[in-house]
*Asks:* 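One structure is given below, represented as structure tokens, and several questions about it will come after.
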Amino acid sequence: MKRRVFDLVRARGTIARVDVARTLDISPATVTSTSADLIARGFIEETVVQRQEANTGRGRPPTGLKVTGSAGYVIGIKISDQFNSAVILDLSGTKIDTVSLATHRAPRTARDIIQETGALIDAALHATGLEKDAITAIAVGLPGMVDFDAGRLIWCPFIKERDIALRDMLQDAFGYPVRIDNDANLLTLAELWFGAGRERDNFAVVSIEHGVGMGLVINHEMQRGGIGLGMELGHSKVQLDGALCRCGRRGCLEAYIADYALVREASTVLQTPHGSETTSDMIETLFARAQTGDAAARAIFSKAGRYLAMGLANIVTLFDPALILLSGERLRFDYLYADEVLAEMQRLTSEQGRAPTPVEIHAWGDLIWAQGAAALALEHATEILID
């Protein structure tokens with residue numbers, strides 16, 4: 001019951017006790033005793049709830065509850081192939097500060113990841129002025145396949161080793177409780193805590209960055225599959241014996257949509273020697289040519305868009321989400337979500353009497369991934385603190 005009350009107070013920001021009782025369908029006496037314990041332990045505090053009635057002069061504003069932000073802090077970290085980033089939240093979920101550090105190692109080792117995580121933690125503590133023992137928990141997100149329950153990194157595209165006990169390595173190195181997760185799940189958590197998902201019971205998030213990821217929320221709960229390795233949309237198969245994916249297998253959806261897939265196609269169209277341009281520069285050049293009407297460049301984006309439509313249609317068929325959110329840096333390239341792509345998705349899922357599944361575009365910046373990691377760390381910190 002304490003967790004339920006605490007989570008509701010944090011979600012609402014400020015809330016009157018009577019509204020806690022009504023929302024959770026518990027007695028006012030239970031709210032009073034539970035909140036008294038949380039106040040005594042320093043996790044919530046009393047505050048004035050500003051209501052419309054309070055501004056009319058008809059009675060005093062009711063006394064409500066809010067989370068005491070300074071009771072704990074968490075750090076959410078995103079490790080990527082170019083920039084690592086961190087977001088620091090207090091216990092109320094308020095963002096305190098952010099930091100980003102460039103990385104140039106590729107491929108890297110697990111020990112490199114430990115060092116880079118340590119550098120981000122140090123930078124976060126320096127930026128906020130917090131002491132090390134003020135941090136209650138951290139969470140780290142990476143692309144690839146993560147066994148969430150076991151805390152193992154099964155595979156990451158820029159790390160040499162496979163099947164690493166990364167969570168335990170991080171806990172041993174820094175002494176904090178740690179969670180690790182796939183970065184697409186963290187993006188989904190960010191939507192659930194801070195974005196469109198706040199008002200949705202179920203939705204899917206598809207991220208298109210250097211790879212293709214998916215997160216799924218059902219009944220306001222993140223889904224990770226039976227053993228924590230589910231929702232790997234990018235590695236679902238769309239072509240037998242098809243294009244080579246960076247996971248080492250062939251025919252994955254990612255191998256037709258991700259940036260390296262576009263570069264593979266673009267190197268032929270642009271007649272650019274391999275390695276003469278960075279991936280980002282080559283895609284930017286390809287996109288510029290597509291915008292000016294270059295037929296070959298447009299065909300590359302069109303092909304990727306059709307494969308994306310297939311992947312989205314499969315999500316609709318399998319999970320029937322109320323909303324699909326497309327997010328990621330690559331969504332600057334509007335060919336990936338043009339009207340033709342969404343129309344193709346609807347065509348592949350059309351059934352009599354079925355309303356089209358809405359699709360929204362959220363081209364978040366880099367820090368949204370770390371903010372999702374911070375939300376995961378905040379969940380963990382709450383489990384630790386509120387018993």
Side-chain angles (χ1 to χ4, degrees), residues 76-85 103-117 138-173 178-189 205-216 222-264 279 307 311 314 328-330 369-370 372-373 376:
I77 291 171
K78 166 67 186 296
I79 302 293
S80 70
D81 58 352
Q82 295 181 344
F83 288 90
N84 300 330
S85 54
T103 180
H104 301 290
R105 301 188 185 104
R108 286 122 81 186
T109 67
R111 288 296 170 188
D112 291 332
I113 301 304
I114 301 299
Q115 293 175 3
E116 292 173 19
T117 300
I138 67 172
V140 178
L142 308 94
M145 298 179 182
V146 177
D147 185 333
F148 176 78
D149 293 330
R152 301 189 72 86
L153 179 64
I154 306 302
W155 169 79
C156 177
F158 51 74
I159 296 179
K160 293 179 180 179
E161 304 100 323
R162 293 195 176 212
D163 198 11
I164 310 161
L166 184 61
R167 181 189 63 194
D168 294 344
M169 292 174 68
L170 290 166
Q171 288 182 161
D172 291 344
V178 176
R179 280 186 171 170
I180 66 170
D181 207 347
N182 169 271
D183 57 359
N185 283 340
L186 300 181
L187 181 62
T188 305
L189 271 179
V205 173
V206 175
S207 62
I208 306 175
E209 289 276 332
H210 306 296
V212 177
M214 174 186 167
L216 181 67
M222 171 78 76
Q223 306 298 310
R224 293 185 174 89
I227 58 173
L229 287 169
M231 311 310 139
E232 285 290 348
L233 177 68
H235 301 287
S236 61
K237 302 301 179 280
V238 295
Q239 182 71 53
L240 290 174
D241 301 320
L244 181 64
C245 178
R246 59 181 177 171
C247 74
R249 298 180 176 89
R250 291 189 176 274
C252 297
L253 177 63
E254 180 178 296
Y256 295 90
I257 298 177
D259 57 358
Y260 65 88
L262 298 178
V263 166
R264 183 187 62 232
T279 295
Y307 274 103
N314 288 339
E329 182 184 356
R330 293 298 175 260
W369 310 82
L376 179 61

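Note that the numbering runs from 1 along the sequence shown for the chain.
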*Asks:* Drop me the distance from F158's CZ to R108's CZ, to the nearest 0.5 angstrom.
*Replies:* 4.5 Å
*Asks:* If you define the side chain from C-beta out and look only at heavy atoms, does anything of C245 sit under 4.5 Å from Y260?
*Replies:* yes
*Asks:* Does any part of the side chain of S207, heavy atoms only, come nearer than 4.5 Å to the side chain of W369, both counted from C-beta?
*Replies:* yes
*Asks:* Could you report the tightest heavy-atom contact between A243 and A255, atom names first, then the distance?
*Replies:* O-CB, 3.9 Å
*Asks:* Check whether the side chains of T109 and D112 place a donor and an acceptor atom closer than 3.5 Å, and report yes or no.
*Replies:* yes
*Asks:* So which atom in C252 and which in G234 form the shortest heavy-atom distance, rounded to 0.1 Å?
*Replies:* CB-O, 3.3 Å
*Asks:* Just by modelled atom types, is the G211 backbone N or O under 3.5 Å from a matching donor or acceptor in the E254 side chain?
*Replies:* no
*Asks:* Is a side-chain N or O of R179 found less than 3.5 angstrom from the main chain of V140, in a donor-acceptor match?
*Replies:* no
*Asks:* For the pair T103 and F83, evaluate side chain to side chain contact (heavy atoms under 4.5 Å, CB included) and give the outcome as yes or no after the intermediate values.
*Replies:* CA-CA 6 Å; T103 180; F83 288 90; over 6 Å; no
*Asks:* Between CD1 of I154 and CG of N182, what distance do you get to the nearest 0.5 Å?
*Replies:* 12.0 Å
*Asks:* What's the shortest heavy-atom distance between P143 and I79, and which atoms?
*Replies:* CD-O, 3.4 Å
*Asks:* Rounded at 0.5 Å granularity, tell me how far CD1 in I159 sits from CZ in R111.
*Replies:* 12.5 Å
*Asks:* Which value, rounded to the nearest 0.5 Å, describes the distance between L244 atom CG and R250 atom CZ?
*Replies:* 4.5 Å
*Asks:* So, are R224 and D149 salt-bridged, with charged N and O less than 4.0 Å apart?
*Replies:* no
*Asks:* List the atom of R152, the atom of A165, and the distance in Å for their closest heavy-atom pair.
*Replies:* NH1-CB, 3.4 Å
*Asks:* Applying the side chain to side chain contact (heavy atoms under 4.5 Å, CB included) test to L142, which of L166, I77, D183 qualifies?
*Replies:* L166
*Asks:* Mind checking whether F148 and D181 have side chains closer than 4.5 Å, heavy atoms only?
*Replies:* yes
*Asks:* Can L189 and M222 be said to form a side chain to side chain contact (heavy atoms under 4.5 Å, CB included), step by step?
*Replies:* CA-CA 8 Å; L189 271 179; M222 171 78 76; 3.5 Å; yes
*Asks:* For the atom pair CG (D147) and CG (D163), what is the distance rounded to the nearest 0.5 Å?
*Replies:* 8.5 Å
*Asks:* Kindly give the heavy-atom pair with the smallest separation between L186 and G141, and that separation in Å.
*Replies:* CD1-CA, 3.1 Å
*Asks:* Would you say the side-chain atoms of Y256 and Q239 include a donor-acceptor pair closer than 3.5 Å?
*Replies:* no
*Asks:* Are any of the side-chain heavy atoms of W155 and C247 separated by less than 4.5 Å?
*Replies:* yes
*Asks:* So M169 and I114, do their side chains get closer than 4.5 Å, heavy atoms only?
*Replies:* yes
*Asks:* Can any side-chain N or O of K237 pair as donor or acceptor with the backbone N or O of H235 at less than 3.5 Å?
*Replies:* yes
*Asks:* Please report the C-alpha distance between L253 and L233 in whole Å, then the side-chain angles of each, then the deciding distance to 0.1 Å, and finally whether the side chain to side chain contact (heavy atoms under 4.5 Å, CB included) criterion is met.
*Replies:* CA-CA 7 Å; L253 177 63; L233 177 68; 3.8 Å; yes
*Asks:* Please report the C-alpha distance between E232 and M214 in whole Å, then the side-chain angles of each, then the deciding distance to 0.1 Å, and finally whether the side chain to side chain contact (heavy atoms under 4.5 Å, CB included) criterion is met.
*Replies:* CA-CA 6 Å; E232 285 290 348; M214 174 186 167; over 6 Å; no
*Asks:* What's the spacing between N84 CG and I113 CD1 if we round to 0.5 Å?
*Replies:* 7.0 Å
